[in-house]
Amino acid sequence: MREKILAVIEKNSRIDIRDLAILLGESEVAVANEIAEMEREHIICGYHTLINWENTSEEKVIALIEVKVTPQRGMGFDKIAERIYQYSEVNAVYLMSGAYDFTVILEGKSMRQVAQFVSDKLSPLESVLSTATHFVLKKYKDHGTVLCDEFQDERMLITP
Amino acid sequence: MRNPLSEKIVTIPPSGIRKFFDIVSEMKDAISLGVGEPDFDTPWHIREEGIYSLEKGRTFYTANAGLRDLRVEIHNYLERKYGVSYHQDKEIIVTVGGSEAIDIAMRAMLDPGDEVLVPQPSFVSYVPCAVLAGGVAVPIELEEKDEFRLTPEKLLEKITPKTKLLVMPFPNNPTGAVMRREHLLEIARIVEEHDLFVLSDEIYSELTYGEEAHVSIASLPGMKERTVLINGFSKAFAMTGWRLGYACAPEVILKQMLKIHQFAIMCAPTTSQYAAIDAMKNSDDDVDHMRESYDQRRRYLLHAFEEMRLECFEPMGAFYTFPSIKRFGMTSDEFANRLLQEEKVAVVPGTAFGDSGEGYLRVSYAYSLKSLKEALGRIERFVNRLDGK
């Protein structure tokens with residue numbers, strides 16, 4: 001049941017428990033318990049909203065920063081990551097395989113603000129060797145959802 | 001001037017669906033639960049293969065029977081999924097949708113006066129195709145008490161010395177009925193005893209719900225040599241517009257079907273065939289995902305019907321429910337028309353699929369949850385009004 005619950009709410013976290021239970025052919029109580037259990041186990045870590053900020057008047061700049069680091073004695077990747085992800089403007093931090101170590105996704109009000117974060121906060125960290133900052137120009141698809149076009153049912157109304 | 005028309009074609013009534021379609025089309029802002037096709041787009045990797053074949057300039061005819069690579073994949077697929085084995089060079093033909101396969105199978109097998117047993121309610125094409133092929137269509141009226149399955153009793157009742165072909169439309173459009181192995185075994189026994197042939201339209205085979213998977217009648221002992229198995233890409237892979245299906249049959253039948261296809265069609269669309277190769281090879285996950293999604297909505301609809309006291313047997317296949325409206329004392333036509341006029345919801349009257357569909361509606365769940373909710377809310381309002389609530 002867990003996988004099925006997750007598959008539905010990953011796409012629609014606002015579905016009510018009652019509908020979800022009907023879709024899955026389970027009782028409401030069972031579904032509610034399972035979700036509560038998954039929240040406790042940190043399988044479900046939050047319920048966020050997918051916002052296309054481009055359609056608002058809000059200015060947002062999103063940057064993807066490649067970070068190379070040298071892990072220091074007594075301080076592995078996890079510790080360095082923590083130093084980075086604690087900043088509230090940091091949206092995501094991933095440890096990567098390949099040419100660099102961390103992907104840091106950062107949200108700021110302007111390019112200047114992002115640049116400032118990189119030069120004032122990220123680069124000076126002792127373990128950080130280098131950074132490369134890429135700004136997002138346009139989001140086409142995010143979290144499996146296409147942002148730029150609207151779905152229209154173009155099927156004929158009645159077909160055999 | 002002489003009458004330009006053939007008497008045979010003039011006497012065939014137009015599809016009951018068509019009539020209703022014309023009414024619905026004139027109504028603006030109607031919401032529909034009336035389609036017989038998936039609400040998914042064809043998975044991108046399949047579309048991409050079609051596009052690539054165009055880019056490569058593969059715009060030629062294919063062999064009459066279809067691309068050999070595709071026939072090999074169909075062979076593999078049927079063996080893997082249903083345990084039936086058809087020879088890629090002798091027993092498989094790629095057609096323009098399952099519909100063409102129905103037509104050419106009937107034309108290849110029927111002589112004037114041969115009787116074709118057509119269990120109903122069922123897809124709209126069997127009867128006209130039988131008639132066009134010179135046969136005589138004999139409906140078998142299936143009933144809700146049998147979960148709209150074909151029972152041995154009902155079959156035996158309609159067999160005469162002239163009976164040649166039995167149509168097996170399962171999983172069924174419009175009822176959603178399925179035939180499990182034990183039911184098929186009973187039918188197969190009678191088919192052998194009476195020396196009949198079977199046209200098994202299994203276009204919805206992938207959309208079978210519950211623990212038990214679809215069973216093809218062709219996989220039962222002694223049945224392959226008596227069966228024309230029809231399937232296609234429209235429903236399982238959400239490829240209705242590509243117009244691609246296939247038929248598998250013993251060489252002696254297939255050879256004649258191929259002849260008709262050769263003269264009438266030449267070959268199925270080449271672009272679609274290239275895309276279909278990928279569909280057969282790489283779509284198991286997509287199909288699982290779509291099946292699960294239909295299954296969820298199937299439960300949702302059944303639950304909603306229960307709440308509004310609209311009786312409905314549990315369909316285990318395809319993407320239709322077939323609720324009964326008998327308690328309202330209206331015909332299916334009246335009910336569907338009033339529902340359309342008063343609440344602007346389009347569903348298909350059961351009678352579009354044969355007389356035994358009287359008292360029922362076909363309600364499709366190939367829609368988003370949001371659309372279903374809106375439509376069900378309106379249906380509930382309508383039903384409550386009829387109930388005087």
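Naming convention: chains lettered A, B, ... in sequence-line order (proteins, then strands); numbering from 1 in each chain. Note that the coordinates shown come from a computational prediction; the quantities given were computed from them, not determined experimentally.
- The contact list for residues 82-99 of chain A toward chain B, using heavy atoms and a distance under 4.5 Å, is empty.
- For NZ of A/K79, the number of neighbouring non-hydrogen atoms (other residues, nucleotides, ligands) closer than 6.0 Å is 12 at most.
- Contacts between B/L369 and chain A at a heavy-atom distance below 4.5 Å involve the side chain alone, from C-beta outward.
- Open room surrounds CE on A/M111; 12 or fewer heavy atoms of other groups in view lie less than 6.0 Å from it.
- Minimum heavy-atom separation, A/P160 to B/F353: O-CE2, 4.4 Å.
- Proximity to chain A is limited to the side chain of B/V348, based on heavy atoms less than 4.5 angstrom apart.
- Contacts between B/V24 and chain A at a heavy-atom distance below 4.5 Å involve backbone atoms as well as side-chain atoms.
- Summarising the local packing, CG of A/D78 is surrounded by 12 or fewer heavy atoms from other residues, nucleotides or ligands at distances under 6.0 Å.
- To the nearest 0.5 Å, atoms CG (B/L33) and CG (A/L157) are separated by 10.5 Å.
- Your options are B/P38, B/A30, B/P174, and the one with the most heavy-atom pairs under 4.5 Å with chain A is B/P38.
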With 3.5 angstrom as the limit, list the donor-acceptor pairs from chain A to chain B, or say none if there aren't any.
residue : atom : partner : partner atom : Å
A/K4    : NZ   : B/E292  : OE1          : 3.3
A/R18   : NH2  : B/E307  : OE1          : 3.0
A/D19   : OD1  : B/Y300  : OH           : 3.4
A/D19   : OD2  : B/K373  : NZ           : 2.3
A/L23   : O    : B/R299  : NE           : 2.7
A/L23   : O    : B/R299  : NH2          : 3.0
A/R155  : NH1  : B/E37   : O            : 2.9
A/R155  : NH1  : B/P38   : O            : 3.2
A/R155  : NH1  : B/A366  : O            : 2.9
A/R155  : NH2  : B/A366  : O            : 2.9
A/L157  : O    : B/S32   : OG           : 2.5
A/T159  : N    : B/G34   : O            : 3.3
A/T159  : O    : B/G36   : N            : 3.4
A/T159  : O    : B/R362  : NH2          : 2.9
A/T159  : OG1  : B/G36   : N            : 2.7
A/P160  : O    : B/N173  : ND2          : 2.8
A/P160  : O    : B/R362  : NH1          : 2.8

